[in-house]
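Naming convention: chains lettered A, B, ... in sequence-line order (proteins, then strands); numbering from 1 in each chain.
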2 protein chains.
Amino acid sequence: MRWEELDRQPCSLARSLSIVGDRWTLLVLRECFLRVRRFEEFEQRLGIARHVLADRLKKLTDAGVLEKVPYRERPRREEYRLTEKGLDLYPVMLSLLDWGDKWMAEPEGPPVLRRHKACGHVAHAVHTCSECGEVLGARDMTVEIGPGAKGGELPPAATAKGNPSK
Amino acid sequence: MRWEELDRQPCSLARSLSIVGDRWTLLVLRECFLRVRRFEEFEQRLGIARHVLADRLKKLTDAGVLEKVPYRERPRREEYRLTEKGLDLYPVMLSLLDWGDKWMAEPEGPPVLRRHKACGHVAHAVHTCSECGEVLGARDMTVEIGPGAKGGELPPAATAKGNPSK
DNA sequence: TCACGTCAGTTCCGTTTTAGAACCAATGGA
DNA sequence: TCCATTGGTTCTAAAACGGAACTGACGTGA
């Protein structure tokens, strides 16, 4: 499979990865969530090659994840800001952060703690069902064909074994 | 920054990405969650080059995300299964899936629906605070230095503006 | 006015990574 | 013996990446 075909696959994971599934994009977005907005600042903080950065920012802008907002005229300068679509990637960042905290940290603990403003506790994210509120684990959901399936069918492995809970 | 340095950065996101942050790994893991376990099956379903697949499976096994389990002796054959560490990536998959459903789907809707076994509803994941249970949005948490920080400090952008809520 | 600095890129070149295809090795079966 | 199955490895060419230099529009200070 070629990389350019990914955004046309009938799979939301593949389509998401067509935007954030490369080496640098999520690190660029991490900086965005930390309120970094300017080209130079991305470059200095990430140590990314400039043309790769230019390419990622353009792709993210084209995809509607970032938008260019002018912050000075003469000379015209623009900064990159998260759109609503971009802000919506927060759960993805949070999931990766929590997984890294749990499985990739030093013995002493994670390098950065996140504190929930509302309740004041150091916290991580728990995934719950949007309908009943229960915690969602790895085998708590089944898959079925959706309206955008385009005459496709579910991958055999998803159905062959009845997708049993583990 | 070189790619091999990523797993030593004092950032859980960077460390997570050192494992799942490339073009193919999350697609391989998608298949794992769909109970695909054999080399040939991964190859056929993904259309991935065989040596790239071999490389990714080895890296995931070395990282403890997958394990090789023998399923036949003479000739010895092994299949790849998710470990606990691997199963713990489910929230990451779910976040990407939900984001793709919301922002990348066709007008008709997403290609695949997920139904919560326990309550029977088609559902998506909601991120909630592990301590107080409230829903977590993009600007609901502050960051602070953690025990594994190694004398580092928070990135300036995270503190410079007091990390205000938006 | 003229050198210098800032910001946001673009261009060039050499190294890595990837895609696609062919090849290899252990074993079992006809 | 020849073929099929499974799980890879090796080869070549194309694409992506890292690092450094260059460009261009403008401001500043001497």
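- Rounded to an integer number of Å, the gap from CD1 of A:Ile48 to C1' of D:dG19 is 13 Å.
- In summary, contact between chain A and DNA chain C, defined as any nucleotide atom under 4.0 Å from a heavy atom of the protein, begins and ends at C:dT6 to C:dG20 in the 5' to 3' direction.
- Of the N and O atoms on the side chains of B:Trp103 and A:Asp88, at least one donor lies less than 3.5 Å from an acceptor on the other residue.
- Rounded to the nearest 0.5 angstrom, B:Glu134 CD and B:Cys129 SG are separated by 8.0 Å.
- To the nearest angstrom, P of D:dA20 lies 13 Å from CZ of A:Arg50.
- The separation between B:Arg37 atom CZ and D:dG7 atom P is 13 Å, rounded to whole Å.
- Taking 4.0 Å as the cut-off between side-chain N and carboxylate O, B:Arg77 and B:Glu79 do not count as a salt-bridged pair.
- The pair B:Asp98-B:Lys102 does not meet the salt-bridge criterion, since no charged nitrogen lies less than 4.0 angstrom from a carboxylate oxygen.
- In the region residues 10-30 of chain B, proximity to DNA chain D at under 4.0 angstrom, judged on heavy atoms, holds for B:Arg23.
- If you find the closest nucleotide of DNA chain C to B:Glu73 and to A:Glu40, the one lying nearer the 5' end belongs to A:Glu40.
- Shortest non-hydrogen contact noted between B:Leu94 and B:Arg114 is CD1-NE, 3.8 Å.
- Within the model, atoms CZ of A:Arg8 and CE of B:Met104 stand 11.0 Å from one another, a figure rounded to the nearest 0.5 Å.
- Near DNA chain C, defined here as any heavy-atom distance below 4.0 Å, the residues from residues 58-72 of chain A are A:Lys68, A:Tyr71, listed numerically.
- Using a cut-off of 4.0 Å between Lys/Arg side-chain N and Asp/Glu carboxylate O, B:Arg76 and B:Glu78 are scored as salt-bridged.
- Mapping B:Asp55 and A:Glu79 onto DNA chain C by nearest heavy atom places A:Glu79 closer to the 5' end of the strand.
- Using a 4.5 Å cut-off on side-chain heavy atoms (C-beta onward), B:Glu106 and B:Pro111 make no contact.
- Within 4.0 Å of B:Glu43, counting heavy atoms only, lies no atom of the nucleic acid at all.
- Counting heavy atoms from C-beta outward, B:Leu60 and B:Thr25 have side chains that approach closer than 4.5 Å.
- Seen from the ring of A:Tyr71, A:Arg38 counts as a face-on cation partner, given the 6.0 Å and 45° thresholds.
- The side-chain hydrogen bond (donor to acceptor under 3.5 Å, both in side chains) with B:Asp55 is formed by just one residue from the set B:Lys58, B:His51, B:Lys59; it is B:Lys59.
- Backbone-only engagement by B:Tyr80 is indicated by non-hydrogen atom pairs under 4.0 Å involving sugar-phosphate atoms exclusively.
- Between A:Arg56 and B:His51, it is B:His51 whose nearest contact on DNA chain D lies nearer the 5' terminus.
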